[in-house]
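Below is one structure, written out as structure tokens; the observations come after it.
Quick note: numbers below take in every heavy atom, side chains included, and nothing from hydrogens, waters or symmetry partners. Just so you know, these numbers come straight off a predicted model, no measurement behind them.
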Amino acid sequence: MTSTLNKTKTYKEKRDKYVLPAVKHLYKDAPLFVKGKNQFLYDDTGKEYLDLFAGIVTVSVGHCNDRVLEATIKQASTLQHTSTIFMTQPMVDLAEKLAKITPGNLEVSFITNSGTEANEAAIRLARLKSGKSEVIALEHSYHGESHLASSLTGNHNWRPNLPAANSIVFAANPYCYRCPFKKTPDNCSLECVKDVERVIQTQTSGSAACMIAEPIQGVGGAITPPDDYFKELMVVLKKYGIYLIADEVQTGFGRTGQAMFGITSYGVEPHIMTMAKGLANGIPIGAMITTSEMAQACSKQQINTFGGNPISCATAIAVIDTVVEEKLMENCHNIGNYLLNSLKELQKDFPILADIRGKGLMLGVEIADKDKTPLTDLTAKIVEDLKNNGIIIGKGGIFGNVLRIKPPMIVNKGNIEMFLQQFQKTLTKLK
Ligand SMILES: Cc1ncc(COP(=O)(O)O)c(C=O)c1O
């Protein structure tokens with residue numbers, strides 16, 4: 001035991017000395033994870049944790065999933081790297097697969113290393129194709145950590161104190177629990193859609209290259225727009241000739257339990273879609289997909305050393321096959337509904353579970369007082385106590401008061417019951 005404690009302590013000291021201080025961990029008392037298998041993580045003491053956050057919504061089919069691992073190892077021992085200037089099978093096969101599973105005419109991909117890069121590529125394409133520069137984003141959004149992507153992010157927690165990239169404007173968020181227009185779901189008149197038109201008229205030159213939006217905001221705290229939001233938004237964007245980029249980095253690959261991509265469940269087809277995270281179950285990857293017509297705007301050579309990496313692409317193909325063949329989208333739907341309904345039951349005893357939202361296995365629980373005051377410290381304590389009791393969940397929202405539950409898509413009812421039991425104990429203890 002002593003040597004284990006020393007190991008964790010040694011790593012904390014090394015981390016503090018050698019890792020950028022901006023790289024912060026979720027916990028005050030961070031475990032040292034050394035192993036993962038399916039929906040479980042293990043620390044260096046051998047303690048098991050039920051992982052309901054999946055490495056920030058990334059380990060889509062479970063840690064070290066046998067089938068996916070086999071594909072990764074096979075590719076790693078055959079061909080590891082060439083770069084995009086050479087032709088390889090996995091990149092082309094993945095691009096073909098993405099064309100088949102994405103909606104409508106989306107067909108032509110650029111494979112990257114991360115969601116940030118995918119969003120960079122998407123904005124570049126929209127600007128090149130439209131000949132315009134302005135971009136609309138949503139408040140509370142998160143789109144990545146580069147200069148451009150953090151400038152597209154409408155959340156002060158994730159923006160450096162530096163000059164932002166220019167030509168970016170923000171529209172009000174479709175955030176029903178804290179509606180910026182003081183409406184309730186009963187009298188909602190989609191003022192948030194009207195706000196996009198107001199922003200176009202008052203903060204742009206009268207149009208924009210594109211608008212970027214997450215179908216459900218992830219880092220923002222599972223903020224789920226009203227059902228008609230995106231359909232009505234498309235009417236406004238069409239009127240002004242503005243492309244829609246759906247950032248599916250968190251909502252992609254069946255996680256919302258309703259469709260392979262989050263935007264599809266709103267009945268909308270974007271001009272460009274970006275993805276990353278769950279696509280390769282933790283092996284770095286990202287992708288931007290668009291129509292063949294739009295793609296022609298990117299005909300000047302574009303290079304990405306690691307983009308389309310054979311190992312990442314072979315892994316992604318195995319992930320997609322696993323999601324489809326093992327019916328994991330259906331599992332997200334069934335287990336997600338069970339969890340959502342159970343949380344709503346729990347809410348009756350614990351009103352601090354102020355808003356429970358999301359779809360499938362992309363759920364958020366906003367922790368707030370009766371008057372909606374965010375209970376930020378309590379949220380951190382809940383997350384820490386769950387971890388001490390062997391359960392990992394995430395935390396987000398602009399006030400840091402939203403519990404984020406986004407497990408590997410393979411979790412079962414027993415796992416959820418175990419979580420609910422411990423959650424109830426934690427809430428009882430801390431309330
Ligand atoms: C919606 C969304 N877009 C983009 C990104 C950036 O992806 P990455 O961290 O792979 O660069 C994230 C990361 O959390 C995200 O949640």
Side-chain angles (χ1 to χ4, degrees), residues 19-20 22-24 26 53-61 68 72 75-76 80-84 88 90-91 94-95 97-98 102 108-126 135 137 141-155 157-160 165 168 210 212-215 217-220 245-253 255 261-262 270 272-290 298 302-320 362 394 396 404 406:
V19 179
L20 202 71
V23 179
K24 297 195 192 307
L26 182 59
F53 200 39
I56 324 184
V57 210
T58 297
V59 184
S60 45
V61 296
V68 171
T72 310
Q75 187 59 49
Q80 295 187 347
H81 173 76
T82 59
S83 93
T84 51
T88 55
M91 183 180 88
L94 176 61
K97 203 168 260 296
L98 291 177
T102 47
V108 179
S109 292
F110 181 60
I111 315 284
T112 65
N113 305 291
S114 66
T116 298
E117 283 188 347
N119 283 336
E120 291 261 353
I123 301 289
R124 177 202 297 215
L125 168 63
V135 177
S141 58
Y142 182 84
H143 295 295
E145 75 102 42
S146 65
H147 180 227
L148 174 61
S150 63
S151 303
L152 293 167
T153 291
N155 180 335
N157 296 306
W158 302 106
R159 287 176 66 119
I168 296 167
C210 58
I212 182 164
E214 299 156 80
Q217 284 180 339
V219 175
I245 301 171
D247 180 336
E248 296 273 358
V249 167
Q250 294 212 11
T251 44
F253 306 101
R255 176 159 290 278
F261 293 94
I272 305 173
M273 198 182 255
T274 56
M275 47 200 122
K277 288 195 184 279
L279 171 56
N281 209 37
I283 303 290
I285 196 165
M288 174 208 72
I289 189 162
T290 189
C298 281
Q302 206 167 312
I303 191 171
N304 191 316
T305 301
F306 294 121
N309 174 275
I311 302 170
S312 305
C313 292
T315 306
I317 291 168
V319 168
I320 295 169
M362 177 142 181
R404 295 166 65 197
K406 304 163 181 189

task = Please lay out, stage by stage, how L148 and T116 fare under the test side-chain contact (heavy atoms from CB on, under 4.5 Å).
result = CA-CA 9 Å; L148 174 61; T116 298; over 6 Å; no
On a heavy-atom basis, which atom in [X] and which in [Y] lie closest, and how many Å separate them?
X	Y	value
A76	Q80	O-NE2, 3.0 Å
G115	V249	CA-CG2, 3.9 Å
H143	D247	ND1-OD2, 2.8 Å
G278	S60	O-OG, 2.8 Å
S150	P160	OG-CD, 3.8 Å

Between [atom1] of [X] and [atom2] of [Y], what distance do you get to the nearest 0.5 Å?
X	Y	atom1	atom2	result
L125	E120	CG	CD	13.0 Å
I317	Q75	CD1	CD	8.5 Å
I245	M288	CD1	CE	9.0 Å
N119	T153	CG	OG1	8.5 Å
I289	T102	CD1	OG1	3.5 Å
I311	I283	CD1	CD1	7.5 Å

request  = Check the pair T112 / N304 against side chain to side chain donor-acceptor pair (under 3.5 Å), numbers first and verdict last.
outcome  = CA-CA 7 Å; T112 65; N304 191 316; 5.6 Å; no
ask   = What residues form a ring pair (Phe, Tyr, Trp, His ring centres under 6.0 Å) with F110, not counting sequence neighbours?
value = none
Closer than 3.5 angstrom, by distance alone: can the side chain of [X] be matched with the main-chain N or O of [Y] as a donor-acceptor pair?
X	Y	value
E248	G262	yes
T315	N281	no
H81	F306	no
R404	G218	yes
S312	G308	no
K277	I56	yes
R159	G154	no

Given T290, L94, L98, the one that forms side chain to side chain contact (heavy atoms under 4.5 Å, CB included) with S109 = L98
query = Taking the side chain as C-beta and beyond, is there a heavy-atom pair between T251 and E214 under 4.5 Å?
reply = no
query = Between C210 and I272, is any pair of side-chain heavy atoms under 4.5 Å apart?
reply = no
task = List the steps and the verdict of side-chain contact (heavy atoms from CB on, under 4.5 Å) for Q250 and R255.
result = CA-CA 8 Å; Q250 294 212 11; R255 176 159 290 278; 5.9 Å; no
ask   = Under the side-chain contact (heavy atoms from CB on, under 4.5 Å) criterion, do F253 and V319 qualify, and how do the steps go?
value = CA-CA 9 Å; F253 306 101; V319 168; 5.9 Å; no
message = If you apply the rule side-chain contact (heavy atoms from CB on, under 4.5 Å), what do you find for N309 with I285, and how did you get there?
response = CA-CA 8 Å; N309 174 275; I285 196 165; over 6 Å; no
